[in-house]
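Report on the structure given below.
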Number of protein chains: 2
Amino acid sequence: MNSEERLIESTRELLWERGYIGTSPTAIQHRAKAGQGSMYHHFTGKSDLALAAIRRTADEMRAKAEEQFAAPGTAMERVTAYLRRERDVLKGCPIGRLTQDPDVMADPALRAPVDETLAWVRARLAEVLAEGRERGELDAGLDPQETAATIAAILQGGYVLARAADSVEPFDQAVTGVLGLLTACVPAPRT
Amino acid sequence: MNSEERLIESTRELLWERGYIGTSPTAIQHRAKAGQGSMYHHFTGKSDLALAAIRRTADEMRAKAEEQFAAPGTAMERVTAYLRRERDVLKGCPIGRLTQDPDVMADPALRAPVDETLAWVRARLAEVLAEGRERGELDAGLDPQETAATIAAILQGGYVLARAADSVEPFDQAVTGVLGLLTACVPAPRT
DNA sequence: GTCTATAGTTGGATAGAC
DNA sequence: GTCTATCCAACTATAGAC
């Protein structure tokens, strides 16, 4: 891995662990085993490097989610697979955590990938749910957009509760809880 | 309001807006219109001041939540009142946001009030739900603890989605969505 | 209690040599 | 491309005067 690549990857890690304000160019350089000259040769500065890092993380997040969304199976099966997927729960969401970073939210360029990615997740979940409703897999009264927001919020909120408790338990409970509520919206099969 | 009081209040605001890493003693002093000498006379340093601020915010958060939890009405009514209560959605949760602050989570003293407050919210919600289930207001198959985690996660996650979108819409949708799912667990009244 | 002075460290970046 | 030298501001805190 070349120096530019290492700088981006180190920035991705540090943004996840410490956020934008908490990540210094010096810390990035140390982790990437790159000098100052190298960093400022490849990138104009901290924000430029952060942009590259955030974009890559956002792309990766969408790709991983699409694996479950585009899989075969009923809507409930796909939503369950998405919620139950292996996750670094105690580390939280590398995109969601950036919403707490005022310097990220204040910069339209840095903010855009965060906004777009979470909006995409909601929209994609809504599509999956709408599809399930059309196929009669889900109750006709279920609102796809609202329920999609609920599911996306469960994940982001589950991370927060898990980090506070320093335990994955509340995350797992929140997921199990919403899946239980959703199951009640699955029409009984015609006998 | 005296100087000590102003320092605590300013710290509360800044922790909410910029987090622990992003809040400097200088910034606190400016907002509180207090000098350095004043601040270091009343508090041993940044973390000591942050502790006072976090404790107060945690107490306030519990008191506000208890208003809805202890109100008269069915479990669904109290949960609905809690979720629909007026909130500074785009500012997020002043306690939940601290879970993203590695320096807060690394210090047991600062971490404790965050952990305890969110655990309390879940436990209290579980009590309300269990009560509703016993009274026959909610489906017997509903797990109070899991559902409590779901509801608490909706709030924390709703804030994240709202901040990303710079709009309260996803927060409101997530809340409406989960209330819709919960309503499906309300047994039809005996006719 | 509050003020000013001081101080060592880190942050974020630039300049120019190689 | 990478290195070292240099820069100024901000961060966090201490010391001592008033």
Side-chain angles (χ1 to χ4, degrees), chain A residues 1-56 97-98 100-111, chain B residues 1-56 97-98 100-111:
Chain A
M1 202 159 51
N2 64 22
S3 167
E4 186 177 358
E5 202 54 29
R6 288 200 312 278
L7 283 162
I8 296 179
E9 288 302 314
S10 298
T11 305
R12 295 216 300 151
E13 292 171 15
L14 283 164
L15 285 180
W16 197 358
E17 293 167 19
R18 305 191 48 80
Y20 185 79
I21 302 184
T23 296
S24 71
T26 314
I28 295 171
Q29 292 152 25
H30 277 216
R31 187 167 298 207
K33 295 189 195 310
Q36 303 214 22
S38 182
M39 177 184 144
Y40 283 100
H41 170 74
H42 292 292
F43 302 94
T44 65
K46 177 179 169 176
S47 65
D48 186 37
L49 182 42
L51 181 57
I54 293 172
R55 279 191 176 145
R56 185 174 294 185
R97 80 106 57 225
L98 297 173
Q100 305 297 339
D101 238 309
D103 292 0
V104 170
M105 300 316 275
D107 181 336
L110 294 179
R111 183 201 189 106
Chain B
M1 201 158 53
N2 64 23
S3 166
E4 187 177 357
E5 202 53 28
R6 290 201 310 276
L7 282 162
I8 295 178
E9 288 302 313
S10 299
T11 304
R12 296 217 298 152
E13 293 171 14
L14 283 164
L15 285 180
W16 196 0
E17 293 168 17
R18 305 192 48 79
Y20 186 79
I21 303 185
T23 296
S24 70
T26 314
I28 295 171
Q29 292 151 25
H30 276 218
R31 186 167 301 207
K33 297 191 196 308
Q36 302 216 21
S38 182
M39 175 183 146
Y40 284 101
H41 171 74
H42 293 292
F43 303 94
T44 65
K46 176 178 170 176
S47 64
D48 186 38
L49 183 43
L51 181 58
I54 293 173
R55 279 191 176 144
R56 184 174 294 185
R97 78 107 58 228
L98 297 173
Q100 304 298 336
D101 238 308
D103 292 0
V104 170
M105 300 316 275
D107 181 336
L110 295 179
R111 184 202 186 103

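Lettering of chains follows the sequences in order, A, B, ..., and the numbering in each one begins at 1.
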Any salt bridge (charged side-chain N to carboxylate O under 4.0 Å, His left out) involving residues 33-42 of chain A? Give me the pairs, sequence neighbours left out, ordered by first then second residue.
->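 Checked against salt bridge (charged side-chain N to carboxylate O under 4.0 Å, His left out) - neighbours excluded - no pair reaches residues 33-42 of chain A.
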Residues in side-chain hydrogen bond (donor to acceptor under 3.5 Å, both in side chains) with A/S38, at least two apart?
-> A/S3
For DNA chain C, the expected dot-bracket line (Watson-Crick or G-U under 3.5 Å, [ ] crossing, | inter-strand) is ||||||||||||||||||
When you check the phosphate oxygens OP1 and OP2 of [N], does a side-chain N or O of [X] lie under 4.0 Å from one of them?
{"X": "A/H41", "N": "D/dC3", "answer": "no"}
{"X": "A/T26", "N": "C/dG11", "answer": "yes"}
{"X": "A/S3", "N": "D/dT2", "answer": "yes"}

Main-chain N/O of A/A109 paired with A/D107 side-chain donor or acceptor, under 3.5 Å = yes
Extract all donor-acceptor atom pairs below 3.5 Å that involve side chains of residues 46-54 of chain A and protein atoms in other chains or at least two apart in sequence.
| unit_1 | atom_1 | unit_2 | atom_2 | d |
| --- | --- | --- | --- | --- |
| A/K46 | NZ | A/Y20 | O | 2.9 |
| A/K46 | NZ | A/T23 | O | 2.9 |
| A/D48 | OD2 | A/T44 | N | 3.0 |

Counting only non-hydrogen atoms, which of residues 10-24 of chain A are less than 4.0 Å from DNA chain D?
->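 Output list: empty, so none.
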So which of residues 45-55 of chain B are in contact with DNA chain D, with a heavy-atom cut-off of under 4.0 Å?
->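 Here the set is B/G45, B/K46.
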What residues, two or more places apart in sequence or in another chain, satisfy side chain to side chain contact (heavy atoms under 4.5 Å, CB included) together with B/E5?
-> B/M1, B/N2, B/E9, B/R56
Side chain to side chain contact (heavy atoms under 4.5 Å, CB included) partners for A/E17, two or more places apart | A/E13, A/L14, A/R31
Inter-residue atom distance B/L110.CG - B/D101.CG, 0.5 Å rounding |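 Separation between the atoms: 9.5 Å.
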Measure the CZ-OG1 distance between B/F43 and B/T11 for me, rounded to the nearest 0.5 Å.
->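 That separation rounds to 7.0 Å.
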Taking atom [atom2] of [N] as reference, at what distance in whole Å does atom [atom1] of [X] sit?
{"X": "A/K33", "N": "D/dT2", "atom1": "NZ", "atom2": "P", "answer": "15 Å"}
{"X": "A/Q29", "N": "C/dT14", "atom1": "CD", "atom2": "P", "answer": "13 Å"}
{"X": "B/H42", "N": "D/dA13", "atom1": "NE2", "atom2": "P", "answer": "17 Å"}
{"X": "A/L7", "N": "D/dC3", "atom1": "CG", "atom2": "C1'", "answer": "14 Å"}

Between the protein and nucleotides 4-9 of chain C, list the N/O to N/O atom pairs that are separated by less than 3.5 angstrom.
none

